Amino acid sequence: MDYRFALSLLITLLLARLLGPSGYGVYAFVLAAVSLISLPVQLGLPPLIVRETARGHTCGDWPTVRGIWRWSHGVTLGLSLLGLLGGVVVLGFWVQDPVLRSTLLLGLGLVPLLALSSLRAAGLRGLGRVLLALLPEQVIRPGLMGVLLLLALIAWPHGVTPAGAMAVHLLAACVAFAVGAWLLYRSRPPHWTAHAPVYRPRAWLAAAWPMALSQGFGQINRHADVILLGLLAATVDVGVYRVAAQGAFLVSMGLTALNMVTAPYVIRLHAQGARHKLQKLARRTAQAALAFALLALAGYVVLGPWLLQTLFGPAFAAAYLPLLILACGQVVNAGFGSVGLLLTMTGHERQVSRVVGVAALVNVALNLALIPLLGAMGAALATTAGTVLWNVWLWFVVRERLGISSAPV
């Protein structure tokens, strides 16, 4: 977890120094827009692949695993082309600012790379190769991006354009994608090609749609603040807010890392009917995540203003209060544990999609109401309210459907 935070902090710091609040705002806005464009491309397939691969690995059903891998890659490639076409149409008719146009054009190249990388990581996680799943996207891509940005800071101390920063991101994503594809190829079980793939597209689509909705609404919850802030406020506000959001990422990083590790175990324990072991796993996960989150929040309360001004510069001092608000929301998120993961990995994805969908609507409505009045502070309050809502609601659903509590006590 330390290296992930270090890489994330390094990239945010370098981008803020190279681009300034306004340029970083353009970059952050485009990155959020690309993430939303990617929503229909992934179609909820990564969590489905984790679930089906873990099941196939447990019972030796490799034909089905091979089938869902091949089928999901074909579907994702087709949807990526449609997503790129839609992005080009938006560029041609609605985006007039030249800086935004060039940055968005490069950002569109991330759509297929990130979608296919998610499938690859899901396959490795389902096989239990969690560290290999994390390596390309959590180490190689941010690590290479950090090195390239550091070289840019040395070569061009007066800054680069948002499009230049996005080009660096695209190059790092290409390298990470190639490494990830090789790792997945090397991780295939023995005699992989001896198994003819078995396809169940109807069953997979029926299971993927609720997951797609959950992921889609989750991405709306994650990016609505940045998108709406970019549309309703100045790009400077977007840059300041993005620094706060990246800082709040540390608070929930423990839960994110634990979810990646525990997902296959949740599937197996549920399949075995080991409810007491599942309860113990859920409680220990929440306890560890909450302890990490509280330590991170305490650090921000004490050192937040100094960190922001020292690392990012005086122009980013305004990120302190949004940072604290977002961090409090992530403490709640960690305290309620792996609610979404527990339900998705045990076949209750429809309930998750309903809850997260309502929370996304509340989030968007609050952002629309509060951003014109409070700017970045309003975006932070709206996002935190949405986070608290879906965590509390899903905690009740976990108790009702699984008979366990995901809370730390």
Side-chain angles (χ1 to χ4, degrees), residues 1-32 99 142-143 145-162 164-166 168-169 222 225-226 229-230 232-254 292-331 370-371 373-384:
M1 288 184 291
D2 291 341
Y3 76 86
R4 291 183 64 199
F5 174 64
L7 290 174
S8 177
L9 177 61
L10 175 63
I11 291 173
T12 302
L13 172 61
L14 291 172
L15 286 171
R17 289 289 187 181
L18 282 166
L19 302 175
S22 182
Y24 188 41
V26 172
Y27 174 88
F29 176 79
V30 169
L31 200 59
V99 175
M145 189 176 175
V147 171
L148 294 175
L149 288 174
L150 184 59
L151 292 175
L153 184 62
I154 296 172
W156 296 284
H158 298 295
V160 299
T161 64
M166 190 60 69
V168 169
H169 193 157
R222 182 180 177 185
D225 45 8
V226 174
L229 198 59
L232 300 175
T235 54
V236 173
D237 292 329
V238 180
V240 168
Y241 180 83
R242 179 65 176 174
V243 167
Q246 287 295 99
F249 166 75
L250 168 66
V251 181
S252 63
M253 192 170 60
F292 186 90
L294 288 172
L295 284 174
L297 176 61
Y300 284 147
V301 170
V302 176
L303 300 174
W306 178 81
L307 286 172
L308 288 170
Q309 295 194 55
T310 302
L311 296 178
F312 302 99
F316 289 93
Y320 179 61
L321 287 179
L323 170 62
L324 290 185
I325 294 170
L326 292 169
C328 288
Q330 292 306 317
V331 169
L370 295 178
I371 286 176
L373 298 175
L374 301 173
M377 283 278 293
L381 288 168
T383 300
T384 299

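Given the structure is predicted, the values throughout are model-derived calculations rather than measurements.
- Residue A293 comes nearest to V331 through the heavy atom pair O-CG2, 3.9 Å, listed as atom of the first residue, atom of the second, then distance.
- In this structure, V99 and P162 have side chains that are in contact, with non-hydrogen atoms separated by less than 4.5 Å.
- Note that the CG atom of L151 and the CG atom of L14 stand 10.0 Å from one another [nearest 0.5 Å].
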- Task: Determine, stepwise, if the pair T161 / M166 fulfils side-chain contact (heavy atoms from CB on, under 4.5 Å).
- Result: CA-CA 9 Å; T161 64; M166 190 60 69; over 6 Å; no
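- M377 CE to L326 CG: the interatomic distance, rounded to the nearest 0.5 Å, is 10.0 Å.
- The two atoms that bring R17 and L153 nearest to each other are CB-CD1, 4.5 Å, heavy atoms only.
- Interatomic distance, L374 CG to D237 CG, rounded to the nearest 0.5 Å: 11.5 Å.
- The nearest pair of heavy atoms linking V243 to A319 is CG1-CB, 4.5 Å.
- Contact of the V251 side chain with the F292 side chain is not registered, since no non-hydrogen atoms from C-beta on lie closer than 4.5 Å.
- Here the shortest heavy-atom pairing between L370 and A382 reads CD1-N, 4.2 Å.
- Between Y241 atom OH and L323 atom CG the span is 10.5 Å, to the nearest 0.5 Å.
- To the nearest 0.5 Å, the span separating CG on L18 from CD1 on I11 amounts to 12.0 Å.
- In this structure the side chain of Y24 reaches within 4.5 angstrom of the side chain of T12, judged on heavy atoms.
- Across all non-hydrogen atoms, the minimal contact from G230 to F29 is CA-CD1, 3.9 Å.
- At least one side-chain heavy atom of H169 sits under 4.5 Å from a side-chain heavy atom of Y27.
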Check: residues 303-313 side-chain donor-acceptor pairs under 3.5 Å, at least two apart:
from	atom 1	to	atom 2	distance (Å)
W306	NE1	T310	OG1	3.3
T310	OG1	W306	O	2.7

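- Judged by distance alone, with hydrogens and angles left aside, the side-chain atoms of T384 form a donor-acceptor pair with the main-chain N or O of I325 at under 3.5 Å.
- Pairing each heavy atom of V240 with each of A315, the nearest pair is CG2-O, 3.9 Å.
- Listed by first and then second residue, the side-chain hydrogen bond (donor to acceptor under 3.5 Å, both in side chains) pairs involving residues 314-330 are S252-Q330, Q330-N333 (not counting sequence neighbours).
- Considering OH of Y300 and CG of L295, their distance stands at 12.0 Å, rounded to 0.5 Å.
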